[in-house]
Amino acid sequence: MTSPKRVGSIEISQDLKFQARSWRAQRVAWVLMLFVAGAALLGLFGGGPLAHGTAGSVESGLRIEYDRFTRLRGQSRMTAEIGASAISSDSLVSVWVDREWLDGHDVLSITPSPKESGLQADRVVFTFRATAGSRPVRISFVLEPRRFGSARGGAGLVGGPTRAFRQIIYP
Amino acid sequence: MDSVIRASAVYLFLLLVFRLAGNRSVAQITVFDFVLLLIISEAIQQALITDDRSITNAFLIVITLVGIDIMMSLWKQRSRRIENILDGLPLLIIEDGKLHADRMRKERVDEDDVLAAARHLHGIERLDQIKHAIVEASGGITIVPRKQE
């Protein structure tokens with residue numbers, strides 16, 4: 001502590017310059033806290049309007065919905081929406097997911113369950129049964145991130161369009 | 001390794017937030033403040049422990065928190081500047097009977113707080129019976145009464 005000085009009749013470690021600086025720092029911090037809360041409401045830390053990203057469109061065959069901002073050990077979701085035209089004549093559709101990206105997650109569930117899954121170089125391929133109709137089919141992956149930081153993901157249809165996306169995973 | 005990093009991050013984060021919130025936010029705890037502290041501890045506990053409920057994890061977290069606390073106290077002992085930054089300094093809000101309204105506003109203290117402390121500590125009835133009032137580094141208010149003639 002600042003060594004006590006005599007102020008009038010009292011000995012006290014008062015330092016008005018330091019006090020002014022500390023008040024200023026406090027006010028700046030309060031504004032910052034407000035901004036952080038505001039950013040969190042918008043979804044900058046996951047789970048809000050800014051947190052959801054999409055890549056591609058159903059018209060072009062494949063639309064990926066992903067969490068742009070998510071958190072370590074939280075729940076994250078990736079949804080692939082596949083246009084009916086992409087379903088093969090034998091009622092199968094094959095979706096691949098970037099293997100390195102998938103390695104950074106625990107897969108909690110895939111809906112619907114894939115008929116089979118396999119490896120293809122740096123991709124994991126999931127094959128689903130699907131009947132071609134007028135509406136696109138949706139496949140949901142519920143994931144739990146295991147690594148934090150920036151992650152580059154990718155998914156696509158085997159022999160079809162490819163979608164790349166970027167995620168920020170907070171610790 | 002994870003437990004030590006988590007505990008250190010939580011310690012430093014809480015230190016920063018509570019210091020920047022100002023002493024008045026945590027001193028003179030009301031019932032609601034007490035409830036707030038319980039909620040904060042509950043929120044932090046989840047992040048500290050995650051899904052590892054082992055006794056090893058609990059021990060590591062406790063050792064890390066206490067260890068950092070000891071290190072901080074040693075650091076404060078060596079450096080006055082660090083002590084000022086971490087603990088804050090006392091501030092005269094009534095100096096020889098003169099009220100420093102600007103200081104009181106910035107410290108979020110009003111005359112009622114000063115009178116409450118004066119009543120509580122010395123049974124003082126009026127503001128003019130107070131010689132000095134100090135907001136201590138801990139956030140509490142100390143009163144030096146005027147000597148009775």
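Within every chain, numbering begins at 1; the chains are lettered A, B, ... in the order of the sequence lines, protein sequences first and strands thereafter.
- Heavy-atom contacts from other residues, nucleotides or ligands closer than 6.0 Å to CZ of Arg99(A) number 12 or fewer.
- In the hydrophobic clustering of ILVMFWY residues, with side-chain heavy atoms under 4.5 Å counting as a link, Leu65(B) and Met72(B) come out together.
- Both Tyr11(B) and Ile82(B) belong to a single network of hydrophobic side chains, linked directly or stepwise wherever heavy atoms of I, L, V, M, F, W or Y lie under 4.5 Å apart.
- Side-chain contact between Leu91(B) and Asp15(A): absent, with no pair of heavy atoms (C-beta onward) separated by less than 4.5 Å.
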Decide yes or no on side chain to side chain contact (heavy atoms under 4.5 Å, CB included) for Thr50(B) and Arg73(A), but give the supporting numbers first. CA-CA 9 Å; Thr50(B) 57; Arg73(A) 289 285 162 208; 5.8 Å; no
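- Gln14(A) pairs in a side chain to side chain contact (heavy atoms under 4.5 Å, CB included) with only one of the listed residues (Leu92(B), Leu89(B), Ile134(B)), which is Leu92(B).
- Within the 4.5 Å cutoff, the side chain of Gln26(A) has heavy atoms near those of the Arg19(B) side chain.
- In this structure the side chain of Gln19(A) reaches within 4.5 angstrom of the side chain of Glu107(B), judged on heavy atoms.
- Under the 4.5 Å side-chain criterion, counting only non-hydrogen atoms from C-beta, Arg81(B) is not in contact with Phe18(A).
- Between Trp23(A) atom CH2 and Arg103(B) atom CZ the span is 7.0 Å, to the nearest 0.5 Å.
- In this structure the side chain of Lys131(B) reaches within 4.5 angstrom of the side chain of Ser9(A), judged on heavy atoms.
- Within 6.0 Å of atom CD in Glu11(A), more than 12 heavy atoms from other residues, nucleotides or ligands are found, so the atom counts as buried in its surroundings.
- Side-chain contact between Lys106(B) and Arg24(A) is absent, with no heavy atoms from C-beta onward closer than 4.5 Å.
- Using a 4.5 Å heavy-atom threshold, the side chains of His132(B) and Val7(A) count as separate.
- Neither Val10(B) nor Leu60(B) shares a network with the other; the hydrophobic side chains, linked directly or stepwise wherever heavy atoms of I, L, V, M, F, W or Y lie under 4.5 Å apart, form separate groups for each.
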